[in-house]
2 protein chains.
Amino acid sequence: MPAQSRKQREIAQRHSLFLEVGRELLHENGFHQLSMDQVAEQAEYSKGTIYQHFHCKEEMLIQLCIQCMQGLLFIGEKAATYPGSHRERLIAFQIAHELWLAVEPRDLYMLQYVNVDGVLSKVAESSLAEFRQMEAKIISLCASIFQDAMDCGDLPVGELNAAELVYGVWSMCYGGQLLRSYETPLAEMGVSNPGRTLTSLLQATLDGLRWTPASTPEQTDALLLHLETEYFTEALAQLREGCCSTLSRG
Amino acid sequence: MPAQSRKQREIAQRHSLFLEVGRELLHENGFHQLSMDQVAEQAEYSKGTIYQHFHCKEEMLIQLCIQCMQGLLFIGEKAATYPGSHRERLIAFQIAHELWLAVEPRDLYMLQYVNVDGVLSKVAESSLAEFRQMEAKIISLCASIFQDAMDCGDLPVGELNAAELVYGVWSMCYGGQLLRSYETPLAEMGVSNPGRTLTSLLQATLDGLRWTPASTPEQTDALLLHLETEYFTEALAQLREGCCSTLSRG
DNA sequence: TCAATTTTTATACGACTCGTCATTTTTTGA
DNA sequence: TCAAAAAATGACGAGTCGTATAAAAATTGA
């Protein structure tokens, strides 16, 4: 007895197809301009069929976001198990975030859409729960790095607890990526490499928190090089493949 | 000869009325749900008249954003002239940002809407120019604090230039406020006072950058108290008034 | 094999929105 | 007062979402 019948497999495949088409159209035109009729046409199914899979446009969006966050969680887990100091793990986590977004920068828009205009109030309860769960997992993954560093004494316990530190780092990463996605001319301002800027600033913050050992620019450069060209390459390749294979082409 | 004729004054007043009505409806329902028919009805004018003032919905949004940023610039200038150390000025700048948003938290949504869905590509060129100019002014205001601190030796010149430091701080403030505006349960996570968390983290970052004198939690508390209950009170009152007086009631 | 039943797909439709433009109303100036 | 100019109006076309009904296809059972 197969785990899924032929019919069920077909339905699941269609679901993936719709998501993939939706993702592409969303990237091209934005959420507001995304039309369900267009998705139907492009996927070569009727609108009624689409609405059997997603009871509203917002539901489609949140499912795309969940996919998106699964990718982030995947590479975040890789970062959290980096074989090095706790400090290196935290930097790896930030870099993971950077690299993940670099795979498909337009995904960032999805995460913005989903948080405005009452989108979350329209989606299915189960989808919202899954979304929140993904969020919580990523947060706790990051928090565990801080907590471990405190437990082993690398990071002295100060004013802020692990959750607060996560909030701060997350703010900086997320805000930094949003600002880059906006059309504000950062380069003209004098910010030539925003990702590297955030890493340096994060290192400064960790120094300020008295996280030992302190950082040097040379060490940071070496770590970044290693992470970007070696440690994460396989995970990134999987991520890229995962992105496209949701269509289950071929 | 009056600077403006009666007619011109009437038109300007109507313009303000439309913006005010638009702002309220935007706050209530979000940008996508904001209907120009509704604005027309609420303002007791016809839609055609509205469209004489704003050639599209997006144009209305960006004008609201410009108003919004004028408020931020106003209180930011107050922060940048805080009579204290450069370091205190920078903290004042962050607090100004916090207090400004506290006056009308829903304004943050506007600043998000305007940066997605190709809104900026639909607005009048002059509006976009004004928007960018406001942005640039706020950025350079913040950059000047960093630059002054470097010039006088309080902040050693390191890896990052003033613009890059602004980018980092701005990322943290903006990202932090967005995360708060989302419905993610920060309090449950363990972040009881996000604003204070960011200030502490900013202080840690400045410590890490070797900005002298170093901070202590007690000094920070005292500074915050002074800023929130004394230094900014008048500016905030003006901001609140400005918010409502755009309608030019009475 | 073939009719009855169930499931799946397609599409016409109502309700709503944006932005336009011909028509109506108001204002201006002789 | 009254004609010309300016401004305000709202019906309209085009396009969207989500639904509900009709058509088609697949499955069943004899």
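Worth knowing before you read on, the calculation uses all heavy atoms, side chains too, and leaves out hydrogens, waters and symmetry mates. Numbers restart at 1 for each chain; the letters A, B, ... are given by sequence-line order, proteins then strands.
With rounding to whole Å, B:Asp117 atom CG is found 15 Å from C:dC18 atom C1'. With rounding to whole Å, A:Met36 atom CE is found 19 Å from C:dT17 atom P. We find that CD of B:Gln52 is positioned 10 Å from C1' of D:dT9, with the value rounded to whole Å. The OH-C1' distance, from A:Tyr51 to C:dG14, rounds to 14 Å in whole Å. C:dC18 atom P lies 10 Å from atom CD of B:Glu58, rounded to whole Å. Atoms CD1 (B:Ile11) and P (D:dA7) sit 6 Å apart, rounded to a whole Å. Counting to the nearest Å, the P atom of D:dA8 and the CD atom of B:Glu44 are 15 Å from each other. For B:Glu10 and C:dT27, the CD to P distance is 9 Å, given to the nearest whole Å.
Atom CG in A:Leu72 sits 5.0 Å away from atom NE2 in A:His97 (nearest 0.5 Å).
An OP1 or OP2 oxygen of C:dC18 is reached within less than 4.0 angstrom by a side-chain nitrogen or oxygen of B:Ser35. Proximity of A:Arg14 to the phosphate of C:dT8: no side-chain N or O atom is located under 4.0 Å from OP1 or OP2. Residue A:Lys57 places at least one side-chain N or O under 4.0 Å from the OP1 or OP2 atom of D:dC17. Between B:Ser46 and D:dA8 there is no side-chain polar atom (N or O) within less than 4.0 angstrom of OP1 or OP2.
The cationic atom of A:Lys57 (NZ for Lys, CZ for Arg) lies less than 6.0 Å from the six-membered ring centre of A:Phe31 and within 45° of the ring axis.
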Side-chain donor-acceptor contacts of residues 168-175 of chain A below 3.5 Å, not counting sequence neighbours, with atom names and distances?
from	atom 1	to	atom 2	distance (Å)
A:Ser171	OG	A:Tyr167	O	2.7
A:Ser171	OG	B:Gly176	N	3.4
A:Tyr174	OH	B:Tyr182	OH	2.5

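Using a 4.0 Å heavy-atom cutoff across all strands shown, A:Ile50 reaches no nucleic acid atom at all.
Which of C:dT9, C:dT20, C:dT11 sits closest to the side chain of A:Lys47 comes down to C:dT11.
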TODO: May I have the step-by-step check of side chain to side chain contact (heavy atoms under 4.5 Å, CB included) for B:Arg23 and B:Asp107, ending in yes or no?
DONE: CA-CA 9 Å; B:Arg23 175 196 293 272; B:Asp107 278 354; 3.1 Å; yes
Open item on the list: Could you walk me through whether B:Gln63 and B:His15 satisfy the side chain to side chain donor-acceptor pair (under 3.5 Å) test, starting with their C-alpha distance in whole Å, then the side-chain angles of each, then the deciding distance to 0.1 Å, before giving a yes or no?
Closed with: CA-CA 10 Å; B:Gln63 291 194 20; B:His15 196 87; 2.6 Å; yes
